[in-house]
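Below you'll find the structure, written out as structure tokens, and then a few comments.
All chains are named by letter (A, B, ...) in the order of the sequence lines, taking the proteins before the strands, and each is independently numbered beginning at 1.
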Protein chains: 2
Amino acid sequence: MKGINMIQLAKELGLSVSTVSKALGDSHEISAITKKRVIELAKKYKYKPNPFASNLRKKKGKQIAIIIPDIVNNFFSLVVDGIESITMAKNYDTFIYLTHESLEREKALLEHLENGLISGLIISVSSGKEGYGHFQEFYENTKLPMVFFDRVPDLLQFPKVISNNYDCTFDATLRLIKAGCKRPIFFSTTEPLFTNMERIRGFQAAIAHAGISFTDDMVVKCSDDMDYNYSILRKLFISKKRPDGVFASIEKFAISLYQVCKDLKVNIPRDLKVIGMTNLRTAALLSPPLSTISQPAFNMGKEAATLLLKMIEKKSYAAANDIIVLKNELTIRESMQS
Amino acid sequence: MKGINMIQLAKELGLSVSTVSKALGDSHEISAITKKRVIELAKKYKYKPNPFASNLRKKKGKQIAIIIPDIVNNFFSLVVDGIESITMAKNYDTFIYLTHESLEREKALLEHLENGLISGLIISVSSGKEGYGHFQEFYENTKLPMVFFDRVPDLLQFPKVISNNYDCTFDATLRLIKAGCKRPIFFSTTEPLFTNMERIRGFQAAIAHAGISFTDDMVVKCSDDMDYNYSILRKLFISKKRPDGVFASIEKFAISLYQVCKDLKVNIPRDLKVIGMTNLRTAALLSPPLSTISQPAFNMGKEAATLLLKMIEKKSYAAANDIIVLKNELTIRESMQS
DNA sequence: TGCAATTACGAAAACCTTTTAGTGGAAAAC
DNA sequence: GTTTTCCACTAAAAGGTTTTCGTAATTGCA
């Protein structure tokens, strides 16, 4: 009784396998009566089509993949939550892969996925230096629908879901300056990610707008390694050119920063004003409450997934270069008071 | 040149498909020379076996599933990270499914997965009332390897990875009391999860040990809904029987509690001592720093995945009722000072 | 030399669906 | 009354592997 298949179903119904298949596929070739018989017996035996056989024959399936740098990060976990809310509703199965900012891993992953296991991809790229040729190549080889979000390869023609990084960084930086910062610093990822570039642009524009002259050391590059970040920040804050304002573009950096300030007894916001890009639920509960730019992570996930499934099902021929821009939310809290 | 398959490979090599298949599978039936030829051509064309065909034939694949209640929770995302670190290394693909504490969803999911899509499961159960019959049934129907972690169905004979909840709750509660609490409260999930029961047992034992008499209202049940939790907690803290100590067994509750105390100006630790079970990286940075019991989440993921893959590959006949117990870590911070 | 065992490979079945190309019969069209 | 269309269904191929069984040639042993 367990694991019944179409053949057994057909036999018991006195029908051919093809009829059963078509009936279950709700084909117009099959009479209403037969359909009903088939569906009822299928239900009785809890028949479930074998996805391997089905995918093999149809050359595609209802499986997609998420590729992200990290899952232990509120932004990404919220995105995954958003994606899953859509794929679950539409009965897609969702693979998850973590690159941990490793380009090697990302490449290996894409190559692996050329085996045809999935029918579409949602990606936030790792911060590699070598550009995005591997994505283009993957696409050439597979022609699979791909949607990028947040960390998107700006030069490639793929649909993207992003947030207004330039604007919000500009605004936030200006508010840092208005709160009294003479020497704001931008905490950046190491690599030339589009997201990051946009934010730096916004940062620089605000600096210029305020009449402060920009120097390269106003952008501090951090890594994926919390300990390393801690030591970098520590050095920075015991140096003479101690910054008085920080725009932390990554959740981890904001956390490390708070840690350093606590240990070095740097008083926020008196000695240092801070704003962080993060979706941390505890931001308001930190000491002092952290001002944040939070990204619409859950919705980004939903949008990305919706777009991808549309592309897979070709219901709408989503333009290959659709760009959806969602709004970030700026929340000023004590960490930025003058 | 794209998507080459075994048949084409065989043709070009002047061999039969079966020989190619065996060569790639490193069968002893094939001579070293032939193997080398096959492997080289396969590499040249970047041949990748079609997983659907392969899985169909072998009746199993290298795909597993994770079923968890929530991903926006440091504990679970760390576990996923741990799992992924193993499955990635062993070239397994990992599906992720979120139940959001819905028993319906959990059941539907299991039923869906009876289609044979996966070869094994790692599960942390949702907090349903109806027991765990659906897991047993799933197992009967599929005979698939399953490993449970943290929230495990205590009555079922499956391998489990848990942490020493009883002990650490006992210890932590005792410390609450030693710090001066007369009326500690346990924040619990709504349902009779094993994890939760263990913790409550530990809590009660400590209470008894301290000579305090236990009453039912010392266990407060919260839900998955943050707003609802907030209102419950708010009510509790404006009531006359305001607690002076809290053991928050779930991350979300600790956050809501801090929020409520902040809004109601309840001073922690003066008026209220708090300890939370959480893996929040920001615990030390909260105001005041939150004492925590953190679970070895990443390692739990690794252990669970390692166990599961062993079962799948039948290298070791992992006893169906293996239980791996890892140690939680208690960190006392300001929120619990007397 | 004769016989068994081994080696290295191939043919074909099996895995379970979906899809294509029919087919027989009834209804519609002329 | 014959041809055409349509309906409801079937047979068979196709999808790409893996595995079972078979076989021809070689090796081992007496």
When you check the gap from the basic side-chain N to the acidic O, do [X] and [Y] get nearer than 4.0 Å?
X: B:Asp26; Y: B:Lys35; value: yes
X: B:Lys43; Y: A:Glu111; value: no
X: B:Glu137; Y: A:Lys46; value: yes
X: B:Arg151; Y: B:Glu101; value: yes

Go through the N and O atoms of the side chain of [X] and the base of [N], and report whether any donor-acceptor pair is under 3.5 Å.
X: B:Ser18; N: C:dA11; answer: yes
X: A:Lys22; N: C:dT20; answer: yes
X: B:Arg57; N: D:dT18; answer: yes

What is the distance, rounded to the nearest whole Å, between atom [atom1] of [X] and atom [atom2] of [N]?
X: A:Ile7; N: C:dT18; atom1: CD1; atom2: P; answer: 12 Å
X: B:Leu9; N: D:dT17; atom1: CG; atom2: P; answer: 9 Å
X: B:Glu29; N: D:dT23; atom1: CD; atom2: P; answer: 15 Å
X: B:Phe52; N: D:dT17; atom1: CZ; atom2: P; answer: 12 Å
X: A:Leu56; N: C:dC16; atom1: CG; atom2: P; answer: 12 Å
X: A:Leu117; N: D:dT17; atom1: CG; atom2: C1'; answer: 15 Å
X: B:Asp26; N: C:dA8; atom1: CG; atom2: P; answer: 13 Å
X: A:Lys58; N: C:dT19; atom1: NZ; atom2: C1'; answer: 12 Å

* Name the residue closer to the 5' end of DNA chain C, choosing between B:Gly14 and B:Lys59 according to the nucleotide with the nearest heavy atom. => B:Gly14
Nearest to the side chain of [X], heavy atoms from C-beta on, is which of [options]?
X: B:Val17; options: D:dT18, C:dC16, D:dG15; answer: D:dT18
X: A:Thr19; options: D:dT17, C:dC15, D:dC9; answer: D:dC9
X: B:Ile30; options: D:dA11, C:dC9, C:dT19; answer: C:dC9
X: B:Ser54; options: C:dC16, D:dT18, D:dG16; answer: D:dT18

* To do: Name the nucleic acid region contacted by B:Ser31, choosing base, sugar-phosphate or nothing; use a 4.0 angstrom heavy-atom cut-off, strictly under.
  => sugar-phosphate
* Asked: Just by modelled atom types, is the B:Ser77 backbone N or O under 3.5 Å from a matching donor or acceptor in the B:Asp81 side chain?
  -> no
Below 4.0 angstrom from OP1 or OP2 of [N], is there any side-chain N or O of [X]?
X: A:Tyr47; N: C:dC16; result: no
X: B:Asn50; N: D:dT17; result: no
X: B:Thr34; N: C:dC9; result: yes
X: A:Ser21; N: C:dT17; result: no

* **Shortest non-hydrogen contact from A:Asp93 toward B:Tyr97** => OD1-OH, 2.6 Å
